[in-house]
S.K.: 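One structure follows; several queries about it will come next.
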Amino acid sequence: MTPINMSSDTQTLPTERMYDAMRSAPLGDDMLRADPTVNRLEEIAAEKVGKEAALFVPSGTMGNLVALMVHAKPGDEVLLDAESHIYYYEAGSVASVAGLMPRVVGSRRGRLDPDQVAAAVRKRDQHFPVPRVLCLENTHNRSGGCIVPVELQNRLAAVAHERGLAVHLDGARIFDAAVATGLPAAAFTEHVDSVMFCLSKGLSCPAGSVIAGTAAFIEQARLVRKRLGGAMRQAGILAACGVVALETMIERLAEDHTRARRLAEQISTIPGLSVDLESVQTNMVYVDHTGTGLDTDEVLTRLATAGVLASDRAPTHIRLVANRHHGDAEITEAVERIRRAVSD
Ligand SMILES: Cc1ncc(COP(=O)(O)O)c(C=O)c1O
């Protein structure tokens, strides 16, 4: 039995066009800015998110870190949603590498409250770290891929800017937000100072993310990336996939969203499992398994034995993510396997 791997959109493999592009990409030394394919990717990427310039980085985690290290220096404060990927899943790099002081603010479905953010920005006073940057995340991973409406994002950015803070958007899945709302990605990035997005998730590249901002910001980001060991040589072999991703893989994300929705609706009919259907806005499905009486590890083990790989949102949920390897048949089969796994 072939497992259906729904643990993440990071499980996607390169497309045939990506393999072809890797083979034929003109290459050079990107450390010297001499890799034409990386340069092309960075140009296309900047244009997609409406920024002056962009920089290719090995991972989303490094992209976020580089951006924060350009916006703030050790001892400064960064305002973060307590459920954000940067705070929750990036191994404390904000503190251990960037030396920043995190100040966390609560969110609901990935939505920060502008009044709470305003209240969290303390005045400049020798007792407090200097607040320098507000981080936003869209779509929001830990809330199940929810979209933060562009109007709210703009209000949050305005609150930060009025108080002298920069705004960084962790837009790992910003094209999911764009496709789901029918807005251009640039609508979500217009009022942020920097954005990071991932090529290696639903867009199916084997590796790589991009950060974008003003030309001056990217100049500094290049130095920080080098410091962190993230500057590569013939990186065009990876960037070639990124070019294919940006040219051919964005619109099809809508298919993942449709299939995630179907998956969610059908799982909701399985006794013991429930899904908050309002939270299924893009490619993720968070399944509440408390009705089964099983703990999260047991549910994951049973699913894996039945041939569905999911990820852990303990203690009450598992996460399933639809990606391009799941057609309608895989969704139907996954639902049946899950049904069997929890009813045994
Ligand atoms: C919202 C968000 N930001 C950042 C990242 C980090 O990306 P990477 O795994 O490439 O470091 C992820 C990865 O899942 C993510 O979901």
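FYI, side chains are in, hydrogens and waters are out, and symmetry mates aren't considered; it's all heavy atoms of this structure. Atoms within each ligand, like the ligands themselves, are counted from 1 in listed order.
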S.K.: Thr139 to ligand 1: N or O pair under 3.5 Å?
M.R.: no

S.K.: Counting from 1, what ligand 1 atoms have a heavy atom of Ser59 closer than 4.0 Å?
M.R.: 10 (O), 11 (O)

S.K.: Could you tell me, atom by atom, which parts of ligand 1 come under 4.0 Å of a heavy atom of Met196?
M.R.: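 Those qualifying, in numeric order: 4 (C).
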
S.K.: Could you label the plane-to-plane angle of the His168 and His71 rings as parallel, tilted or perpendicular, counting under 30° as parallel and over 60° as perpendicular?
M.R.: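 Answer is tilted, since the angle falls between 30° and 60°.
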
S.K.: Assess Glu90 for proximity to ligand 1: is some non-hydrogen atom of it under 4.0 Å away?
M.R.: yes

S.K.: Quickly, which of His317, Arg142, Arg313 forms a side chain to side chain donor-acceptor pair (under 3.5 Å) with Tyr286? Name it, please.
M.R.: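 It is Arg313; the other options fail the test.
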
S.K.: Please say which of Arg222, Arg33, Lys48 ends up in a salt bridge (charged side-chain N to carboxylate O under 4.0 Å, His left out) with Glu42.
M.R.: Arg222

S.K.: Examine Val49 and Val150 and state if one hydrophobic cluster contains both, with Ile, Leu, Val, Met, Phe, Trp and Tyr joined whenever side-chain heavy atoms are less than 4.5 Å apart.
M.R.: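 Shared cluster, yes.
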
S.K.: Would you check the N or O atoms of Ser209, main chain and side chain alike, for any that come under 3.5 Å of an N or O of ligand 1?
M.R.: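 Not met; the criterion fails.
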
S.K.: Based purely on interatomic distance, does Arg173 place a nitrogen or oxygen under 3.5 Å from a nitrogen or oxygen of ligand 1?
M.R.: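 Yes; at least one N/O pair falls below 3.5 Å.
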
S.K.: In a table with atom names and distances, give each donor-acceptor pair under 3.5 Å that connects a side chain of residues 157-167 to protein atoms at least two apart or in another chain.
M.R.:
{"from": "His161", "atom 1": "ND1", "to": "Ala157", "atom 2": "O", "distance (Å)": "3.3"}
{"from": "His161", "atom 1": "NE2", "to": "Asp193", "atom 2": "OD2", "distance (Å)": "2.7"}
{"from": "Arg163", "atom 1": "NH1", "to": "Val159", "atom 2": "O", "distance (Å)": "3.0"}

S.K.: Taking Arg132 for its side chain and Asp76 for its backbone only, find out whether a donor-acceptor pair lies under 3.5 Å.
M.R.: no

S.K.: Specify side chain, backbone, both or neither for Asp170, according to which of its non-hydrogen atoms lie closer than 4.0 Å to ligand 1.
M.R.: side chain

S.K.: Glu137 to ligand 1: N or O pair under 3.5 Å?
M.R.: no

S.K.: With side chains defined as the heavy atoms from C-beta onward, is the minimum distance between His326 and Met6 less than 4.5 Å?
M.R.: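 Yes, at least one pair of side-chain atoms sits under 4.5 Å.
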
S.K.: So is Asn64 in contact with ligand 1, going by heavy-atom distances below 4.0 Å?
M.R.: yes

S.K.: Do me a favour and list the nearest non-hydrogen protein atom to atom 11 (O) of ligand 1 with residue, atom name and distance?
M.R.: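 The closest one turns out to be Thr61 OG1, 2.6 Å.
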
S.K.: Geometry only, no angles: is Gly60 polar-contacting ligand 1 at N/O separations under 3.5 Å?
M.R.: yes

S.K.: To which of His85, Met284, Lys201 does the heavy atom nearest atom 7 (O) of ligand 1 belong?
M.R.: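 Going through His85, Met284, Lys201 one by one, Lys201 has the nearest heavy atom to atom 7 (O) of ligand 1.
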
S.K.: Do the side chains of Ile338 and Leu320 get nearer than 4.5 Å, heavy atoms only?
M.R.: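 Result yes, sub-4.5 Å side-chain heavy-atom pair found.
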
